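What follows is a set of notes on a single structure, which appears directly below.
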Amino acid sequence: MADTTLMDKLVSLCKRRGFVFQSSEIYGGLGSVWDYGPLGVALKKNVKDRWWNAMVQGRDDIEGLDAAILMHPKVWEASGHVAGFTDPLVDCRQCKNRFRADDPRIKGTPGQPDAQCPVCGTRGSLTEARLFNLMFKTFMGPVEESAAVVYLRPETAQGIYVNYLNVLQSSRQRVPFGIAQIGKAFRNEITPGNFIFRTREFEQMEMQFFVQPGTDPEWFERWRGWRMEWHRSLGLDPAKLQWHQHTGSELAHYARAAFDIQYQFPFGWQEIEGIHNRGDFDLGRHQEYSGKKLEYFDQAQNQRYLPFIVETSAGADRVTLTLLVDAYREEQVEGETRVVLGLLPSLAPIKAGVFPLVKKDGMPEVATTLYHDLRKQFACFYDESGAIGRRYRRMDEAGTPFGITVDGETLSAGTVTVRHRDTMQQERVGMDRVGEYVKERL
Ligand code: GAP
């Protein structure tokens, strides 16, 4: 299967089955902004819950936080985003299109008479490169003036740094400890794309771990190991996961060391999570810009210091896309193409489809009662329309691991057919046991 074909097929499946829709579609869509439908929101929630369980619930040394999207504008001066979160851009005076200055389609040097616009082909119409800040700006209060400018946060991390002392004191944690947060971030990306891979509004799952200076390389290595393990635990093909180390100019302004976890997408190896050793850059800058002491007194060491920070930063949308890409497969079954999302049962948006074999002989009534009982235990879907084979296929595309069918034998012997998504094998299970049966396999 050609790589672009796989992405096209996935985008179309996501729309057909209600995973992801284009934002404001009836108005022609909004560039690189997407909405999650019923199955998509459930899948992304399962990703976020799994992250939260691993990072917060399952550990004694990490606390949760939900900081506001809008923050004091000085935060973004301190963080370096006002000065440095920029891309060099050029405009075409003729066709009014805008490009990154390093767009490989541009022939010649922007600003010079020989430079040619890649869209309209005009020579000499491209401006010199100008820095363009990727943060979205808005105004706080009724007056639209520069003093009222606030930004939509481009990362969730800063909400953690400015709250670090509040969390430390209220939770009675001690260094080393971490703060984790899941939330929206916004970037006015110039070259977004690849479906929900790079969007202008997205969700991050970030954790900042505060450590004693000098112990940061050790913690950095530990977090690298744990984070790669977490991605593997999602059932992703391990051969499609790799490390990419940032070197030289690739390193962000705050980072002493950085590694990306990359996945092999149909459009190439791309980052899904970054692990960064941020040293004391962030707390140092916030201490300087706010004038508030952010040092920690380490009683055990009888020492005062600014903790160093090891950050793990993953995109909830990217991880969701990774799961969809990794799970998608097509098989030939009896001359027809079967599309399956082989998601881990624990991540699947719907755990079981419940079906009456036919719409008569009391089967819909029994199946509906069973459905109402099972939905108290896990996410289920009831479907009585169309041939049973078609209903199974719809559930295969949704990644539903179990199909439970009420048939003639249910009425006579109290058993149902359980059909397995991956093998398509069927077995009979007692109707009173089927809830436990599914739960054991989630
Ligand atoms: N606080 C550090 C930070 O934000 P980053 O490498 O810029 O680091 C971290 O972003 C993660 O956020 C990325 O690995 C990716 O998963 C996600 N992410 C970043 N920009 C994104 C975008 N435009 N669309 C979707 N996800 C994005």
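Computed from a prediction, not measured in an experiment: that's the story for all the values here. All ligand and atom numbering here is 1-based and tracks the order in the structure.
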Heavy-atom nearest pair, Asp260 first then Gly274, reads OD1-CA, 3.9 Å
At a 4.0 Å threshold, what atoms of ligand 1 neighbour a non-hydrogen atom of Tyr254? 2 (C), 8 (O)
The protein heavy atom nearest to atom 24 (N) of ligand 1 is Thr199 N, 3.0 Å
Please state which protein non-hydrogen atom is closest to atom 12 (O) of ligand 1 and give its distance, to 0.1 Å? Gln204 NE2, 3.2 Å
Under 3.5 Å between some N or O of ligand 1 and some N or O of His276? no
Cation-pi check, Arg256 onto Phe220 ring (under 6.0 Å, within 45° of axis): no
With backbone taken as N, CA, C and O and side chain as the heavy atoms from C-beta onward, which portion of Arg198 lies under 4.0 Å from ligand 1: side chain, backbone, both, or neither? both
May I ask you to test the Leu168-Tyr164 pair for a side-chain heavy-atom distance under 4.5 Å? yes
Heavy-atom distances under 4.0 Å are what count here, so tell me which part of Arg200 touches ligand 1: side chain, backbone, both or neither. neither
Determine whether the side chain, the backbone, both or neither of Asp317 has a heavy atom under 4.0 Å from any heavy atom of ligand 1. neither
Pull out every atom of ligand 1 sitting under 4.0 Å from any heavy atom of Glu206, numbered as shown with elements. 1 (N), 2 (C), 3 (C), 4 (O)
Measure the acute angle between the ring planes of Phe402 and His420, then classify it against the limits of 30° and 60° as parallel, tilted or perpendicular. perpendicular
May I ask you to list the atoms of ligand 1 that are less than 4.0 angstrom from any heavy atom of Glu155? 1 (N), 2 (C), 3 (C), 4 (O)
Taking the six-membered ring of Phe186 as reference, does the NZ or CZ atom of Arg153 fall below 6.0 Å from its centre and within a 45° cone about the axis? no
If we only count N/O pairs under 3.5 Å, is Ile272 in contact with ligand 1? yes
What protein heavy atom sits nearest atom 18 (N) of ligand 1, and how far off is it? Phe202 CE1, 3.6 Å
Measuring from atom 7 (O) of ligand 1, which candidate in Glu311, His246, Arg187 has the nearest non-hydrogen atom? Arg187
Of all heavy-atom pairs linking Asp326 and Asp237, the shortest is OD2-N, 3.2 Å
Yes or no: does Phe85 have any heavy atom under 4.0 Å from an atom of ligand 1? no
Any cation-pi pair here, Arg227 with Trp230, using under 6.0 Å and within 45°? yes
Give a yes/no verdict on a cation-pi contact between Arg187 and Phe136, requiring under 6.0 Å between NZ or CZ and the six-membered ring centre and an angle within 45° of the axis. no
Over-ring placement of Lys44 relative to Tyr36, 6.0 Å and 45° cut-offs: yes
At under 4.0 Å between heavy atoms, what of Arg278 touches ligand 1? The answer is side chain
Closest to atom 6 (O) of ligand 1 by heavy-atom distance, out of Glu201, Gln158, Arg153, Glu271, is Glu271
Nearest heavy-atom pair of Pro266 and Met7: which atoms, and what distance? CG-SD, 3.8 Å
Do the ring planes of Phe281 and Tyr254 sit parallel (below 30°), tilted (30 to 60°) or perpendicular (above 60°)? tilted
Hey, can you tell me if Tyr263 and Phe265 have their rings parallel, tilted or perpendicular (30° and 60° cut-offs)? perpendicular
Quick one: look up the protein heavy atom nearest atom 17 (C) of ligand 1 and list residue, atom name and how far away it is. Gly315 CA, 3.8 Å
Which atoms of ligand 1 sit under 4.0 Å from any heavy atom of Phe197? 24 (N), 25 (C), 26 (N)
Where is the nearest protein heavy atom to atom 9 (C) of ligand 1: which residue, which atom, and how far? Ser313 OG, 2.9 Å
Considering only heavy atoms of Glu273, which atoms of ligand 1 have at least one such atom less than 4.0 Å away? 14 (O)
Which residue and atom name correspond to the protein heavy atom nearest atom 15 (C) of ligand 1, and how close is it? Arg318 NH1, 3.4 Å
